[in-house]
Amino acid sequence: MKVTLKDGSVKEYASAMSVIDIAADISEGLARMACAGEVNGEVVDLRTVVDTDCTLSILTANDKAGLSTLRHTTSHVLAEAVKRVFPDAKLAIGPSIDTGFYYDFEHAPFSREDLDKLEAEMKKIIKEGNKLDRFTLSREDAIKFMEEKGEPYKVELIQDLPADAEISFYSQGDGFTDLCAGPHLMSTKNIKAFKLISSSGAYWRGDSNRPMLQRIYGTAFNKKEELEEYLKYLETIKERDHNKLGREMEIFTTVDVIGQGLPLLMPNGVKMIQRLQRWIEDEETSRGYMRTKTPLMAKSDLYKISGHWDHYKDGMFVLGDEEKDKEVFALRPMTCPFQYYVYKASQKSYRDLPCRYGETSTLFRNEDSGEMHGLTRVRQFTISEGHLIVRPDQMVKEFKDCIALAQYCLQTLGLEEDVTYHLSKWDPENKTKYIGTPEVWEETEQHIRDMLNELNIPFTEDVGEAAFYGPKVDINAKNVYGKEDTMITIQWDALLAEQFDMYYIDENGEKKRPYIIHRTSMGCYERTLAWLIEKYAGLFPTWLCPEQVRVLPISDKYIDYANSVLAELKKNGIDATVDERSEKIGYKIREARLDRIPYMLVVGEKEQEAGVVSVRSRYAGDEGQKPLDTFVNDICKEIRTKEIRKIEVTEESK
RNA sequence: GCUUCCGUAGCGCAGUCGGUAGCGCAACUGAUUCGUAAUCAGUAGGUCGAGGGUUCAAGUCCCUUCGGGAGCUCCA
């Protein structure tokens, strides 16, 4: 057989060979480094025997799949360590993940001391350097095997494997054997650098009705240095965590007596949100949106028509008692039905459509207590919401325009590279969660699929993520910890117009159902703010900075001049202050840097006499003396164009 | 909602075996009037998240509750 290698060279073998043997034939070193193989593009175990012509790559920990193999084997080492240190623990599952691996156990919660003990035991196991061997069993034997070992979770896993699945096991020495599809390293001794990160509860099979197991998270790398670097990185991202930095910068705060998920936006945060809001509202207006302002609450009757009462009552703040009170109200969790009644207030002709309604809309959602987080998951928030009532023939164009608006917003804020696009579909297995027929769902999902393809937007399709009334495009971003949130959503709704009896009169004088697009342009302001804090680590584009310029007189003698400079800045709409304290200039600069002010204007004798300012920016350090009007022109232009100036000078700010 | 960790001055932290609370920065006052990352001196600030219990005595031990973190589950 002929084996074509990554570099294009061809090896010929007389008989079948395993991947690891081929690796050893290429070089000893490669065999030592090998984590997995890739045969004809498919990742395989090193033990896989190749017997026909193929292309083969030997994957090492420098390859993504190789690294995840290394991590997966590390999770098995962890499992063996747990069984050694805590023999009563029951094994569940232990996959590799983007950041490392985890393994779930039925056991009492693990403390940090337990993790340290386990790490020590893992080091021992690695030092022992047992070989991993793969073998398969029939379903009956596999179940018997795990029953004898007293592993009920493994038995359940085997029982649920598809009928045609090969049931494989990996053993490492005599002590430990685990049900596993692989692939795995050849020996535990090839694990060079690992660390147990944390432990926490996790439901068996991700089902909150089933027992809670204990999950241990860890990570592993090819080299010690890479591990160190990763651990250091984990430390540094805390510094840009919006929940920490946002409080530090007095953008928001929370108060225990006010309640969970109810952040207070402070003057700095409000300034930023106000700028975002004015920008978005003006942008929408220029794109043909009309603005509405509708009530924050309504009678339950409204939500009964929309279907929210049936589908999302638990998520709403209900005012009153359904049993006792004649009327029950609820704070609105969305604006849809309110804007529908704006539409319905007058009879519409086909000529009136599309109707694009926008509202800066405050919403209330009663999240479960464990879900609240900083500014990203809150109980009250304000969203750049809107609904477009359109004729079916206008739907595709309008939907595309909504995507274009979202992309424009992301580009302006410099966030477009950080997002992923998702086609969120219904779950045909769970019809009770949705309204409408399968035909309507399939058709609308196909429309969105076509559109995204046409626009050349890469996207994933997520089952069961749709709204109850229709599929949607979700634009998601990850926070500093890698957790994903929906930032923007655009939803295709061919169903609610029926519920609300919305219609327009077509060219033949007949009543027709419109389609509806539910959409946001820049999503929820609080969440966007959180995203910006983390993206820019608090060093926002100048137009968004709560304080854009600080004027620093070098002594009290120049306070008057500093204030005349300030007046000129304010006249031009620039957010600025003067630092009037009797401190040394170096100290004032340090403070301004710590406050993340983009521009500092130093003024003293020379500046006053020449009528100029000495500009110091976080972008380029000392920018030298400039006439004040030149500086004002420059910064006004930067603000007007919402320029994202690259930071070239990186000085330590600690 | 579930598992777990945490809550001491504005912020970051210390507080031993239960014996009545301290440090740094910030703040304030005074001096200094300064040229690019911390001028000097002084002052003030806490019923230790809240409530209850054990004890002669609780920041410390126990219970409840509120809030915060991590993860799970959920997220119109």
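The basis for the numbers below is simple: all heavy atoms, side chains too, and nothing from hydrogens, waters or symmetry mates. Nothing here was measured: the structure is a model prediction, and the numbers come from that model. Throughout, protein chains are lettered first and strands after them, A, B, ... in sequence-line order, and every chain is numbered starting at 1.
Between the base of B:U36 and the side chain of A:Asp622 there is no donor-acceptor pair shorter than 3.5 Å. Between the base of B:G1 and the side chain of A:Tyr203 there is a donor-acceptor pair shorter than 3.5 Å. Within 3.5 Å, no donor on the side chain of A:Gln214 pairs with an acceptor on the base of B:U3, nor the reverse. In this model, no side-chain donor or acceptor of A:Arg210 finds a partner on the base of B:C72 within 3.5 Å. Side-chain N/O atoms of A:Glu367 and base N/O atoms of B:G1 include no donor-acceptor pair closer than 3.5 Å.
Distance from the side chain of A:Lys584 is smallest to B:U39 among B:U3, B:U32, B:U39. Out of B:U36, B:G67, B:G35, the shortest distance to the side chain of A:Glu607 is found at B:G35. Closest to the side chain of A:Met212, from the set B:C72, B:U36, B:A76, is B:C72. Residue A:Thr254 has its side chain nearest to B:G68 when only B:G68, B:C72, B:G35 are considered. Nearest to the side chain of A:Glu371, among B:U39, B:C2, B:G1, sits B:G1. Checking B:A70, B:A38, B:G35 against every side-chain atom of A:Arg590, the shortest atom distance belongs to B:A38. Closest approach to the A:Gln491 side chain among B:A76, B:A70, B:U36 is made by B:A76 (side chain taken as heavy atoms from C-beta onward). Which of B:G68, B:U36, B:C74 sits closest to the side chain of A:Ser614 comes down to B:U36.
Note on A:His373: a side-chain N or O is less than 4.0 Å away from OP1 or OP2 of B:A70. An OP1 or OP2 oxygen of B:U73 is reached within less than 4.0 angstrom by no side-chain nitrogen or oxygen of A:Arg215. Proximity of A:Lys588 to the phosphate of B:A38: no side-chain N or O atom is located under 4.0 Å from OP1 or OP2. Between A:Gln260 and B:G68 there is a side-chain polar atom (N or O) within less than 4.0 angstrom of OP1 or OP2. In this structure, A:Tyr587 reaches the B:A26 phosphate: one of its side-chain N or O atoms is under 4.0 Å from OP1 or OP2. Contact annotation: A:Lys472 does not reach the phosphate of B:C75 (side-chain N/O to OP1 or OP2, under 4.0 Å). Contact check, A:Ser369 against B:G1: a side-chain N or O comes under 4.0 Å of OP1 or OP2.
B:G45 and B:C6 are spaced 31 Å apart, taking the P atom of each and rounding to whole Å. A gap of 13 Å separates the C1' atoms of B:G15 and B:U20, to the nearest Å. Here, B:C40 and B:G24 have their P atoms 14 Å apart, quoted to the whole Å. B:A58 and B:C74: their C1' atoms are spaced 40 Å apart (whole Å). For the P atom pair drawn from B:U54 and B:C63, the interatomic distance equals 15 Å after rounding to whole Å. When the P atom is compared between B:C11 and B:U47, the two are found 14 Å apart, to the nearest whole Å. B:C72 and B:G59 have their C1' atoms separated by 33 Å, with the value rounded to a whole Å. Distance noted for atom P between B:A50 and B:G46: 13 Å (whole Å).
Within 4.0 Å of A:Arg581, counting heavy atoms only, lie sugar-phosphate atoms of the nucleic acid but no base atom. Residue contacts for A:Arg112: at a heavy-atom cut-off of 4.0 Å it reaches no nucleic acid atom on any strand shown.
At least one side-chain heavy atom of A:Met297 sits under 4.5 Å from a side-chain heavy atom of A:Leu319.
Between A:Glu534 and A:Lys238 no salt bridge is recorded (no basic side-chain N to carboxylate O distance below 4.0 Å). Using a cut-off of 4.0 Å between Lys/Arg side-chain N and Asp/Glu carboxylate O, A:Lys117 and A:Glu113 are scored as not salt-bridged. A salt bridge links A:Glu461 with A:Lys425: the closest approach of a Lys/Arg side-chain nitrogen to an acidic carboxylate oxygen falls below 4.0 angstrom. A salt bridge does not link A:Arg210 with A:Glu106: none of the charged nitrogens is closer than 4.0 Å to a carboxylate oxygen. Between A:Asp485 and A:Lys478 there is no salt bridge, since none of the side-chain N atoms of the basic residue sits less than 4.0 Å from a carboxylate O of the acidic one. Checked for salt-bridge contact, A:Arg377 and A:Asp368 miss the test: no charged N lies under 4.0 Å from a carboxylate O. Remark: A:Asp634 engages A:Lys626 in a salt bridge, criterion side-chain N to carboxylate O under 4.0 Å. In summary, A:Lys271 and A:Glu547 do not engage in a salt bridge, as defined by a charged side-chain N under 4.0 Å from a carboxylate O.
Summary of the strand contacts: A:Asn243 and A:Gly604 both lie near RNA chain B, and taking for each the nucleotide with the nearest heavy atom, the more 5' one is attributed to A:Gly604. Annotation: of the two residues near RNA chain B, A:Pro109 and A:Ser555, the 5′-most nearest-nucleotide partner is A:Pro109.
Pairing for B:C34 is absent, with no Watson-Crick or G-U wobble pair whose two atom distances lie under 3.5 Å. When both distances must be under 3.5 Å, the Watson-Crick or G-U wobble mate of B:U29 is B:A41. B:U60: no Watson-Crick or G-U partner with both key distances under 3.5 Å is found in any strand. Pair assignment for B:C48 gives none, since no Watson-Crick or G-U wobble pairing has each distance under 3.5 Å. Across all strands shown, the partner of B:G71 is B:C2, judged by Watson-Crick or G-U wobble contacts whose two distances both fall under 3.5 Å. Using the Watson-Crick or G-U wobble rule with both distances under 3.5 Å, B:C23 pairs with B:G12.
In this structure, the NE2 atom of A:His107 is 17 Å from the P atom of B:U3, given to the nearest Å. In this structure, A:Asp556 atom CG and B:U39 atom P are separated by 15 Å, rounded to whole Å. Atom CD in A:Glu591 sits about 14 Å away from atom C1' in B:U39, given to the nearest Å. Atom NZ of A:Lys483 and atom C1' of B:G71 are 7 Å apart (whole Å). The distance between atom CG of A:Leu552 and atom P of B:A37, rounded to the nearest whole Å, is 12 Å. Atom P of nucleotide B:G67 and atom CG of A:Asp256 are separated by 7 Å, given to the nearest angstrom.
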